[in-house]
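One structure below.
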Amino acid sequence: MAISYEEAARLIMGRDNFCIITHKSPDGDTVGSGFGLYYALTEIGKNACVLCSDDFPKKFKTLYNGYENKRFTPKFFIAVDIADTQLIGNDLKKYADYIDLCIDHHASNTNYAKNVLLEADAAAAAEVVYKLLRAGDMPVTQKTAECLYTGIVTDTGCFKYPSVTVQTHRIAAELMEIGISYADINRMMFDTKSKGRIAAENYVQNKTEYYLDERCAFCALSKETIDNISSDSEDFDELAALTIQLESVEVGILVKEKEKGKFRISIRSSKNVNVSEICSEYGGGGHFNAAGCTIDGRIEDVRMMLIKSVGQTLGIDLWMV
């Protein structure tokens, strides 16, 4: 059931013992939203914990440095930045049917939770969390502000994606006014890289192939390639944006082999192309300009399937593929 900010705030204020669930392969928005909400709840004396099926990336460690995993029995489950229960992950799937409140900004949200606070026009779930806290007159401390700002800047590519709105900038400005170290956050999120990360970026830039009159870019990383480049899975996060750097490219596809014959697909668009619709053909989804899915099979077949789907979306005859 869809609810308003005021209804969601009343729901939270009348409950305690919260379990905040973030999505698998956590990014800055789900981590920032989850811990931002956690700090706000604990500030007003509520018990809360933050869970994820996967480890939280080290690049976000400043967000969870003050996190304390207290012992209590969860009574109210909140999912943040999770459009579908498939994104919860294997370790936490036991909670999929018990989500009391989903806080999200994906238009593809499947309404799986008992209550859904959804603002599809928001550039990040962190925006929704911030407005929820303000609606409930809950405190936004410097720690909470740092988390929410991180969620916003990472999900907007430092404010360069088409999803950015006037509201996005206003909320970011209000978070900055609280006194966060926004320059340090931006440097850590976008300019500080490991050797493995630089090697991964170099591989993508050198191995990307172009199709459909250079309107579509495609790059695949096999499990063997990934293992040879770096042992740290974080070095391969958010590489898809590199595929749309060429000025002619409208759709970029990054394929990562997670295990033999199982591929994680990330698709980005630089212009007016809805890649969420493309991913939905394969059981995935996401945003207009950024989406993903998982496909099993041979890499040659996966490549052809995806390029054909992009060709159809761009209105290009399939004989050109």
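Every heavy atom of this structure was used, including side-chain atoms; hydrogens, water molecules and symmetry mates were not.
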What do the steps show when you test Arg298 against Asp301 for salt bridge (Lys or Arg N to Asp or Glu O under 4.0 Å), and what is the final call? CA-CA 5 Å; Arg298 299 188 314 138; Asp301 297 331; 3.2 Å; yes
Go through the steps for Ser222 and Glu257 under the test side chain to side chain donor-acceptor pair (under 3.5 Å), then give the verdict. CA-CA 5 Å; Ser222 67; Glu257 188 176 32; 4.8 Å; no
Residue among Ile82, Val80, Asn115 satisfying side-chain contact (heavy atoms from CB on, under 4.5 Å) with Ile103: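 Of the listed residues Ile82, Val80, Asn115, the side-chain contact (heavy atoms from CB on, under 4.5 Å) partner of Ile103 is Val80.
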Any chain of hydrophobic side-chain contacts (each under 4.5 Å) joining Ile88 to Leu51?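 Yes: a chain of side-chain contacts under 4.5 Å links Ile88 to Leu51.
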Within this structure, what is the [atom1]-[atom2] distance for the pair [X] and [Y], rounded to the nearest 0.5 Å?
X      : Y      : atom1 : atom2 : value
Glu238 : Arg197 : CD    : CZ    : 7.5 Å
Ile12  : Leu133 : CD1   : CG    : 7.5 Å
Cys279 : Ile295 : SG    : CD1   : 8.0 Å
Ser248 : Asp213 : OG    : CG    : 7.5 Å
Asn47  : Thr42  : CG    : OG1   : 9.5 Å
Lys59  : Asp235 : NZ    : CG    : 10.0 Å

Mind telling me whether Phe35 and Tyr39 have parallel, tilted or perpendicular rings, with 30° and 60° as the class edges?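 Ring orientation of Tyr39 relative to Phe35: tilted.
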Please verify the inter-ring angle class for His106 with His287; under 30° counts as parallel, over 60° as perpendicular, anything in between as tilted.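 His106 and His287: parallel rings.
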Begin with the C-alpha distance, continue with both residues' side-chain angles, and end with the deciding distance and a verdict on side chain to side chain contact (heavy atoms under 4.5 Å, CB included) for Glu127 and Ile152. CA-CA 7 Å; Glu127 286 188 34; Ile152 291 172; 4.0 Å; yes
Below 4.5 Å, heavy atoms only, C-beta onward: do [X] and [Y] meet side chain to side chain?
X      : Y      : value
Lys256 : Ile226 : yes
Asn289 : Arg268 : no
Phe218 : Leu254 : no
Met304 : Glu300 : no
Ile21  : Ile99  : yes
Leu132 : Leu117 : yes
Val310 : Ile253 : yes

Determine whether Lys262 and Asp296 satisfy the following criterion, salt bridge (Lys or Arg N to Asp or Glu O under 4.0 Å), listing intermediate values before the conclusion. CA-CA 5 Å; Lys262 192 177 189 69; Asp296 297 341; 3.5 Å; yes
Between [X] and [Y], is there a donor-acceptor pair closer than 3.5 Å when you use the side chain of the first and the backbone of the second?
X      : Y      : value
Asp155 : Asp29  : no
Ser269 : Glu250 : no
Thr154 : Thr150 : yes

Smallest separation among heavy atoms of [X] and [Y], with atom names:
X      : Y      : answer
Phe190 : Cys158 : CZ-N, 3.5 Å
Phe18  : Phe72  : O-CZ, 3.5 Å
Leu148 : Ser33  : CD2-CA, 4.2 Å
Tyr161 : Gly157 : CE1-N, 3.3 Å
Gly151 : Ala124 : O-CB, 3.8 Å
Pro74  : Cys19  : CB-CB, 3.8 Å

Given Tyr5, which partner from the list Arg10, Arg134, Glu119 fulfils the side chain to side chain donor-acceptor pair (under 3.5 Å) test?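 Exactly one candidate clears the test, Glu119.
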Do the charged groups of Lys58 and Asp232 touch, with an N to O distance under 4.0 Å?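 Salt bridge flag = yes for Asp232 with Lys58.
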Would you say that more than 12 heavy atoms from the other residues, nucleotides or ligands in this model lie under 6.0 Å from the [atom1] of [X], or not?
X      : atom1 : answer
Asp121 : CG    : no
Tyr182 : OH    : no
Met188 : CE    : no
Asn65  : CG    : yes
Asp137 : CG    : no
Asp227 : CG    : yes
Gln167 : CD    : yes

Would Lys46 and Asp16 count as a salt bridge (Lys or Arg N to Asp or Glu O under 4.0 Å) if you check the C-alpha gap in whole Å, the side-chain angles of each, and the deciding distance to 0.1 Å? CA-CA 6 Å; Lys46 306 281 188 180; Asp16 200 353; 5.4 Å; no
Is the distance from the ring center of Tyr64 to that of Phe56 below 6.0 Å?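 Yes.
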